[in-house]
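Beneath this line is the structure, given in structure tokens, with notes to follow.
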Amino acid sequence: TRFPAAGRIFMSKGSSSNTKKRKRIQPAALRNRTTGGSAVSVRSIEEFESHLDAPEPVIVDFWASWCGPCKMMAPTFEAVAKEFAGKVRFLKVNTEQLPDLSGAFGIRSIPTLLVLHGREVTNSNIGVTSQPALARMAQKALDRSEGASVGDRLRRWFGGSASASM
């Protein structure tokens, strides 16, 4: 029998029909630590907390394997993670594997994105996000962590130099 969140379930050898022992085999995507790009699949609360101690801002994607919108957003999350590699940390948290972690943040809908600076949530988004919107979210997090001024942001927006006529 195939369960969307648990991978394949099978009877272990030597079990009687009265006491069926089940062993969970995780799909390859859940076994890999990285998801193919720069995003890291978090396996434990301790691992999650270790990322929060980093100087870079952290963007967390709370998702589940059965969630259609989560599957739609996965390539977008990976693309932006590659774009901001080394500047912003991107984490993926499977809400079925770490329900206590998603509960601690009050996650009730997925996909949910949280931006964290240290242990403080500074931005969030619920639902599917476009690649440009997620890139803006990452850039805003990076600006905050680097202490970018309004002038710095305007110069970037206008292509290098802010106009004196503003």
Side-chain angles (χ1 to χ4, degrees), residues 2-10 22-148 152-153 156-157:
R2 184 139 177 88
F3 295 95
R8 290 183 298 150
I9 306 290
F10 71 93
R22 294 182 179 212
K23 184 177 178 184
R24 180 177 290 170
I25 297 179
Q26 292 184 330
L30 296 178
R31 285 193 301 264
N32 296 335
R33 189 170 191 287
T34 61
T35 55
S38 298
V40 175
S41 292
V42 176
R43 296 183 193 165
S44 68
I45 292 174
E46 293 78 21
E47 181 183 1
F48 179 81
E49 288 178 342
S50 72
H51 287 286
L52 298 183
D53 296 331
E56 306 92 10
V58 177
I59 298 180
V60 186
D61 177 17
F62 288 91
W63 66 284
S65 59
W66 51 263
C67 170
C70 299
K71 290 177 185 177
M72 287 174 30
M73 202 172 107
T76 299
F77 194 77
E78 285 298 325
V80 177
K82 285 180 184 176
E83 181 182 341
F84 286 87
K87 301 175 197 169
V88 178
R89 289 186 184 221
F90 287 80
L91 306 179
K92 294 185 72 67
V93 174
N94 186 329
T95 57
E96 293 179 317
Q97 291 179 343
L98 297 171
D100 292 340
L101 185 57
S102 54
F105 284 101
I107 304 300
R108 293 177 175 249
S109 298
I110 52 174
T112 294
L113 298 176
L114 295 181
V115 178
L116 295 116
H117 289 88
R119 297 179 184 272
E120 177 187 0
V121 175
T122 58
N123 198 357
S124 65
N125 185 74
I126 298 172
V128 176
T129 303
S130 68
Q131 188 167 339
L134 181 54
R136 281 191 304 272
M137 185 183 269
Q139 185 61 56
K140 190 175 178 181
L142 187 58
D143 287 346
R144 183 173 192 259
S145 71
E146 293 176 345
D152 294 335
R153 288 180 269 176
R156 186 176 51 251
W157 178 265

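Sequence positions, counted from 1, serve as the residue numbers for this chain. All values reported here derive from a predicted model rather than from experimental measurement.
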Could you tell me whether the side chain of Val128 reaches within less than 4.5 Å of the side chain of Thr76, counting heavy atoms only? no
Gap between atom CD of Glu120 and atom CG of Leu52 - 0.5 Å precision: 12.0 Å
Over 60° means perpendicular and under 30° means parallel, so classify the ring planes of Phe77 and Phe90, tilted if in between. perpendicular
Nearest non-hydrogen partners of Ala141 and Pro57, listed with the distance: O-CG, 3.7 Å
Minimal heavy-atom distance between Ser145 and Leu142, with the atoms involved, is OG-O, 2.9 Å
Atom pair OG/CE of Ser130 and Met73 - distance to nearest 0.5 Å: 10.0 Å
Take Val40 and Arg89, measure what side chain to side chain contact (heavy atoms under 4.5 Å, CB included) needs, and give me the verdict at the end. CA-CA 8 Å; Val40 175; Arg89 289 186 184 221; over 6 Å; no
First locate atom CD1 of Ile126, then atom CG of Leu114, and finally report the distance between them rounded to the nearest 0.5 Å. 8.5 Å
Any side-chain heavy-atom pair from Trp66 and Ile110 closer than 4.5 angstrom? yes
Would you sort out whether His51 and Glu56 count as a side chain to side chain contact (heavy atoms under 4.5 Å, CB included), showing the intermediate values? CA-CA 9 Å; His51 287 286; Glu56 306 92 10; over 6 Å; no
On a heavy-atom basis, which atom in Thr95 and which in Ser102 lie closest, and how many Å separate them? CG2-CB, 3.8 Å
For Arg108, check salt bridge (Lys or Arg N to Asp or Glu O under 4.0 Å) against everything at least two apart and list the hits. none
Could you grab the distance from atom CG of Asn125 to atom CE of Met137, nearest 0.5 Å is fine? 4.5 Å
Side chains of Asn94 and Trp63: does their closest heavy-atom pair fall under 4.5 Å? yes
Within the 4.5 Å heavy-atom criterion, are Asp61 and Pro111 side-chain neighbours or not? yes
Sequence neighbours excluded, the answer for side-chain hydrogen bond (donor to acceptor under 3.5 Å, both in side chains) partners of Thr122 is His117
Taking ring pair (Phe, Tyr, Trp, His ring centres under 6.0 Å) as the definition, give me every residue that meets it alongside Phe48, ordered by chain and number, with sequence neighbours left out. Phe105
To the nearest 0.5 Å, how far apart are OG in Ser65 and NZ in Lys71? 6.5 Å
Roughly how far apart are Thr129 OG1 and Arg136 CZ, rounded to 0.5 Å? 10.0 Å
